[in-house]
Each structure stands twice: as C-alpha cells, then as structure tokens.
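As structure tokens, the structure follows; a few thoughts come after it.
Treat the numbers as computed from the prediction; the structure is a model and nothing was measured.
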Amino acid sequence: MGGNGGVDRGGLGDITDLEKKAKEELQRGERRNTFLSFDYDDIDDVNLLRAHAKNDKSEIEFIDRSVREPFDSERKEYLRQKITERIKQCSQTIVYVSDKTHNSDWVNWEVEKSLELGKKVIAVYKGDTKPKALPDAILNNKIKVVAWKNLAKEL
C-alpha cells in the first residue's frame, strides 16, 4: 500500500508528484533545464549526481535533459541532431569531468555545441582533486571547473 493512501498507481504516483513539483519550481524559476555531458565510462558517477539532484534536501536543482543512451558511431549525424535538440531545450550544460573525459570527442562536441547555442557551461568533478587532463573544449573556452560539492553555488 505504501504512502499513497492505499491507491496502487503502479509506482507512477511518485513520478507524477515529482513532475508536478518540478513544473511548479520551474514556473517559480527555482529549477533549470540542464544538459549533462559526460563520457559514458563515468555513468555510475553521473547517475549519483542525478540521484543527488532529485533529493528534496539537495541544493542542486536542475532537470536533466541529457540523452541517456550510449552512442554508437554509426549514427553520428542522427545523434548530433537529437543532442542539439536537447541542448536547445536547456538553459545550461553541466559537464562531468574525470580522468577519462579528456579523450571524449562527444564531450568536446557537446561543449562546443552548447556554447554555439549560447548556453552557460560549467564543468564539475567528484572529490577534492580536479582531473589532471581536461577536454580541449573546456580548456580552450576557459570553462569554469568546480568540485561537485560546490556545484549548487554555480547554478
């Protein structure tokens, strides 16, 4: 039965409530549509960031508009079109950087596309130590790089 008054909504009650809350917060300007750019090797850390942001007590407030599927190189143009659509829906892009990210062509492309579309871009890393190597698009465009724990201050 859970906490939904005995009505079985097939697990959709919580999602519906979260969507309603997010829409209300967007109308008040409290949440931002955000595109998350990351190397797929970092998916576990990115999922933690997503979960942290959904927590009611989190200072991080955004709606994730990233593409949740890994990319295969056979469909590059189609994927670029879909990613561009997602970035256009957003007010900002957060780039998760790790020691693996600096070699990602997709991350570099997503950062460049975000900037081309006039979006604010912030790079974020986990822990206390910034990765030694960063994607060229982060370095060349002098993108601010902050610790995950300080992300809320930058949003």
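Cluster annotation: Leu151 and Leu36 are assigned to the same hydrophobic cluster (Ile/Leu/Val/Met/Phe/Trp/Tyr, side-chain heavy-atom contacts under 4.5 Å, transitive). Follow the hydrophobic side-chain contacts under 4.5 Å out from Val121 and you reach Val145 in the same cluster. Tracing side-chain contacts under 4.5 Å through hydrophobic residues (I, L, V, M, F, W, Y), one reaches Ile122 starting from Trp148; they form part of the same cluster. Tyr40 and Tyr125 end up in different hydrophobic clusters when Ile, Leu, Val, Met, Phe, Trp and Tyr side chains are linked at under 4.5 Å. No single ILVMFWY cluster, assembled from side-chain heavy atoms under 4.5 Å apart, contains both Val146 and Val97.
Using a 4.5 Å heavy-atom threshold, the side chains of Val124 and Val95 count as separate. Counting heavy atoms from C-beta outward, Lys100 and Asp42 have side chains that approach closer than 4.5 Å.
Here CG of Leu49 is found 8.5 Å from OH of Tyr96. Values are rounded to the nearest 0.5 Å. One distance of note links CG of Asp44 with NZ of Lys126; it measures 8.5 Å at 0.5 Å rounding. Between Ser37 atom OG and Trp109 atom CH2 the span is 10.0 Å, to the nearest 0.5 Å. Separation of atoms CH2 (Trp106) and NZ (Lys76) is listed at 7.0 Å; rounding is to 0.5 Å. Lys144 NZ to Asn150 CG: the interatomic distance, rounded to the nearest 0.5 Å, is 9.5 Å. The structure places CZ of Phe35 at 4.0 Å from CD of Glu110, a figure rounded to the nearest 0.5 Å.
Judged purely by distance below 3.5 Å, without hydrogens or angles, the side chains of Asp39 and Thr101 never pair a donor atom with an acceptor atom.
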Worksheet entry | Stepwise salt bridge (Lys or Arg N to Asp or Glu O under 4.0 Å) test for Lys88 and Glu85 | CA-CA 5 Å; Lys88 283 180 179 179; Glu85 289 172 14; over 6 Å; no

Worksheet entry | Full working for side chain to side chain contact (heavy atoms under 4.5 Å, CB included) between Asp128 and Lys149 | CA-CA 9 Å; Asp128 295 323; Lys149 63 185 175 188; 2.6 Å; yes

Which donor-acceptor pairs under 3.5 Å do side chains of residues 129-141 form with protein atoms, sequence neighbours excluded?
unit_1: Asn140; atom_1: ND2; unit_2: Asp136; atom_2: O; d: 3.3
unit_1: Asn141; atom_1: ND2; unit_2: Glu112; atom_2: OE2; d: 3.0
unit_1: Asn141; atom_1: ND2; unit_2: Ala137; atom_2: O; d: 2.9

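Contact detail for Gly127 and Ala147: the closest heavy-atom pair is O-CB, 3.8 Å.
Side chain of Lys119 to main chain of Cys90: a donor-acceptor pair is present (N/O by atom type, distance under 3.5 Å, no hydrogens or angles).
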